[in-house]
Enquirer: 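Input: one structure, supplied below.
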Amino acid sequence: MTELMIKNKQLLLILLWMAIALMLRFANLDSKPLWTDEFSTLVFSLGNSFRGVPVDRAIDLSTLLQPLQFRPDAGIGDVLNHLLLESNHPPVYFMLAHWWMRLFGPTEDSLVWIGRSLPALLGVISVPAIYFLGKFAFNSRLVGQCAAAMMAVSPYGIYLAQEARHYTLGILLVIASLFCLTFAAKKMVQRAPLPVWAVLLWIVVNCLGIASHYFFVLTLCAEAIALIAVIWLELNQKLATSNNQQPNIWQFKIIWRLLAVALGTLAGGLVWLPIFLSNKYGSELTNWLVSGDRTFVDWIAPIFQAGAGWITLVSLLPVESSNLAVVAVSAIGMTIFLLWALPLLPNALKTSLKTPNTHLATVIFGGFVLGAIFLFFSFAYILGIDLTRGPRYNFVYFPGAILLLGATLAVIYSTPTVKSRWFNLPAVEIAGKRAVMLILAMSFVSGITVNSNLGYRKYYKPDLLIPIIREVSKVPVLIATTQKTHVEIGELMGIGWEWERSSATDFVADVTDVRKKEEGRRKKEEGRGKKEEVKAFESPQFLLVKQRRDAPEIVTGILDRTLSQLERPLDLWLVNFRAPVNLAAQKCQFESRELPAVDGYEYQVYHCF
């Protein structure tokens, strides 16, 4: 087979993986409900602000959703101004998303799709990017192809790509930075200095990474650990066998140029330190990661949370389904698959480590992934900041894990027959190529699970709360919450957005049995003998009460005052309301029925007459 035919075959395979990645990432892209972090992305990328949403008074739906309106006159200056004052994220992705928004001019119907399409597209681009890195690092087209296929179908990668967030941009920058790391490591082994252009490229990539997400610093720290591993395992061995024990000029050039990369990256990162430290929202937005008084569960939770995240790199069947039978079958299927697949990986990884052409890359990415995991657990157990609570933060080492998987799959693919064995139990034999196909098939099915919203489901589920509100409340509704940051505004926006998106016919249809019973109960309570007319409404009103920790009575007073200004009958829905209430004076009765729980929304219902 000629070199041209080989290249054409490789290109066709890459296009195939990209087509699969495109399908899995863009399918059902706008079907899942938006959650508060995505509202943050959309609002800031549009050049808008959350500060325009009124607090301490009732507002209508259009006012609540006003920050989601596209403004042709908004510019990058607006994005930077609002983002840096109201959030704790650096601006590179939001600037890119702003240009993306301006390119399409989103309407209300297209906003979700456009907002999520940029991360999805970046996720598709990561497929050829990981191929070229795998091919370069392992000196193997097969490793590159296996890594690209795994990137295309990984359920974890699809989950990140279908979020209107900056994680897929972070993944691309991690891949670029790992390329520079691999290039530097190869130069070190060859005893050649790192070219100036590579120094500058590495600095630029690292600075862009930090300016896209502050957790990119963890990637850089893990790269430093991997570089130390390379020096320890490679250079020391070569220097020990060298007849010339005196330092050579190449050694000084390597040290100085690596130091230049570190200093340039440090300078680029320190630019954001004053902004990060001066941001008053920083601690409020990350408090959920901080562990308080640690119980036994808090000590073991990071291990299980991290393990669950690693499994979803390859496998995730519908274990989050509401159907118990589906959950049981999925759990059994994943367990059988993992019991079969896991024993195949260590032996293949050892083979990759012992093979001369792939040894260096295996050391680099093995050290990188282990270094990142070490940092995550150090944060959890030493600093009390549990990053494993947010699976999305694994993006900082996700490409390295995919490359290691690609290397192991390449070894398995090249082995005529592989054996899966636990301890002294009978081994299960299978052809290597078939084993790789089965692993990729499991990941493909898992990818469908994710884009069908049966895996990695949104923590906030306003789409489940809306039918409950419509069923219970047949009179005007006020939805109230306490507000500390734009997170709580996003929580209410989720409810408002789903209300507007859902069909109004569910509400204005013929009167249901629930309504008849509710009207009968109210007639008896109010002692009215004549038929009572129930006033219909198009959408709820909303109330954001500014959280006042030292003065909860002010919060209660604002709620009372707002209720006194609204017409009766009225249903009050307290959603994630973090303040004590006493509504007897407002003639509001607590809904005694047990209503379904909804993820992300703790609620109480009061009927006010």
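The structure presented is a predicted model; accordingly, all values stated were derived computationally and were not measured. Just so you know, residue 1 is the first one in the sequence shown, and it goes up from there.
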Enquirer: Any side-chain to backbone donor/acceptor pair from D599 onto Y459? Under 3.5 Å, distance only.
Expert: no

Enquirer: What's the separation between atom CD in E488 and atom NE2 in H486, rounded to the nearest 0.5 Å?
Expert: 9.5 Å

Enquirer: Should I130 and K135 count as side-chain neighbours, where that means a heavy-atom distance under 4.5 Å?
Expert: no

Enquirer: I'd like to know if the side chain of T182 and the backbone of A137 have a donor-acceptor N/O pair within less than 3.5 Å.
Expert: no

Enquirer: In Å and rounded to the nearest 0.5 Å, what is the CD1 to CD1 distance from I125 to I171?
Expert: 12.5 Å

Enquirer: So, taking the atom named CG in L317 and the one named CE in M334, what distance separates them when rounded to the nearest 0.5 Å?
Expert: 5.5 Å

Enquirer: Do S452 side-chain atoms and L454 backbone N/O form a donor-acceptor pair below 3.5 Å?
Expert: no

Enquirer: How about W35 and E491: does a side-chain donor come under 3.5 Å of a side-chain acceptor?
Expert: no

Enquirer: Only pairs at least two apart or in different chains count here, so list each side-chain hydrogen bond (donor to acceptor under 3.5 Å, both in side chains) that has a residue in residues 95-107.
Expert: W100-S117, T107-S110

Enquirer: Charged N to carboxylate O below 4.0 Å: is that the case for K461 and D463?
Expert: no

Enquirer: For S330 and P318, which heavy atoms make the closest approach, and how far apart are they?
Expert: OG-CD, 3.3 Å

Enquirer: Measure the spacing between CG of L42 and CG of L34 and express it to the nearest 0.5 Å.
Expert: 6.0 Å

Enquirer: Taking the six-membered ring for Trp, are F368 and Y397 closer than 6.0 Å centroid to centroid?
Expert: no

Enquirer: The test is ring-ring contact (aromatic ring centres under 6.0 Å, His included); show your working for F215 and Y167 and say whether it passes.
Expert: CA-CA 10 Å; F215 283 178; Y167 301 113; 9.1 Å; no

Enquirer: Of all heavy-atom pairs between P302 and A380, which one has the smallest distance, and what is that distance?
Expert: CG-CB, 4.0 Å

Enquirer: For residues W202 and F179, determine if any side-chain heavy atom of one lies less than 4.5 Å from a side-chain heavy atom of the other.
Expert: no

Enquirer: Grab the two heavy atoms, one from F138 and one from A407, that are nearest each other, plus how far apart they are.
Expert: CE2-CB, 3.6 Å

Enquirer: With heavy-atom distances below 4.5 Å as the criterion, would you say the side chains of Y381 and D386 are in contact?
Expert: no

Enquirer: Applying side-chain contact (heavy atoms from CB on, under 4.5 Å) to F216 and V174, what does each step give before you reach the verdict?
Expert: CA-CA 8 Å; F216 192 87; V174 171; 3.7 Å; yes

Enquirer: Hey, does the side chain of T355 reach the backbone of T358 with a donor-acceptor pair shorter than 3.5 angstrom?
Expert: no

Enquirer: Evaluate the side-chain proximity of F444 to M23: yes if any heavy-atom separation is below 4.5 Å, no if none is.
Expert: yes

Enquirer: Drop me the distance from I231's CD1 to L227's CG, to the nearest 0.5 angstrom.
Expert: 4.5 Å

Enquirer: Within a strict 4.5 Å, meaning less than it, do heavy atoms of the F376 and N394 side chains meet?
Expert: yes

Enquirer: Evaluate R141 against E3 for salt bridge (Lys or Arg N to Asp or Glu O under 4.0 Å), listing each step before the verdict.
Expert: CA-CA 13 Å; R141 290 191 180 99; E3 184 66 20; 2.6 Å; yes

Enquirer: T265 versus I210: any side-chain heavy-atom pair under 4.5 Å?
Expert: yes

Enquirer: More than 12 non-hydrogen atoms from neighbouring residues, nucleotides or ligands closer than 6.0 Å to CZ on F26, yes or no?
Expert: yes

Enquirer: Measure the spacing between OG1 of T36 and CD1 of I489 and express it to the nearest 0.5 Å.
Expert: 9.0 Å

Enquirer: Give the intermediate values and the outcome of side-chain contact (heavy atoms from CB on, under 4.5 Å) for residues L266 and L270.
Expert: CA-CA 6 Å; L266 181 63; L270 288 177; 3.9 Å; yes

Enquirer: Determine, for K32 against E38, whether the closest basic-nitrogen to carboxylate-oxygen distance falls under 4.0 angstrom.
Expert: no

Enquirer: Please determine whether the number of non-hydrogen atoms from other residues, nucleotides or ligands lying under 6.0 Å from atom CZ of F379 exceeds 12.
Expert: no

Enquirer: Between Y156 (side chain only) and P391 (backbone N and O only), is there a donor and an acceptor less than 3.5 Å apart?
Expert: yes

Enquirer: I'd like to check Q162 versus N451 (side-chain heavy atoms, cut-off strictly below 4.5 Å). Are they in contact?
Expert: yes

Enquirer: Would you say that L218 contacts Y393 through its side chain, given a criterion of any heavy-atom pair below 4.5 Å between the two side chains?
Expert: no

Enquirer: Side chain of D78, backbone of G47: donor and acceptor closer than 3.5 Å?
Expert: no

Enquirer: Students often mix this up, so state it plainly: with edges at 30° and 60°, are the rings of H213 and H166 parallel, tilted or perpendicular?
Expert: tilted

Enquirer: Does L349 offer a backbone N or O that forms a donor-acceptor pair with the side chain of S352 under 3.5 Å?
Expert: no

Enquirer: Is it the case that the side chain of S177 and the backbone of L173 share a donor-acceptor pair, with hydrogens and angles ignored and the cut-off at 3.5 Å?
Expert: no

Enquirer: Counting only N and O atoms by type, is there a donor-acceptor contact under 3.5 Å from the side chain of S212 to the main-chain atoms of Y93?
Expert: no

Enquirer: With a 4.0 Å cut-off on N to O distance, would you call E163 and R25 a salt bridge?
Expert: no

Enquirer: Quick one about T312 and Y456 (side-chain donor to acceptor, distance below 3.5 Å, no hydrogens or angles considered), yes or no?
Expert: yes

Enquirer: Which atoms form the tightest heavy-atom contact between A164 and P119, and what is the distance?
Expert: CA-CG, 4.1 Å

Enquirer: Counting only N and O atoms by type, is there a donor-acceptor contact under 3.5 Å from the side chain of S443 to the main-chain atoms of S315?
Expert: no

Enquirer: Are H89 and F44 close enough that their ring centres sit under 6.0 Å apart?
Expert: no

Enquirer: What are the two closest heavy atoms between I175 and L133, and how far apart are they?
Expert: O-CD2, 3.7 Å

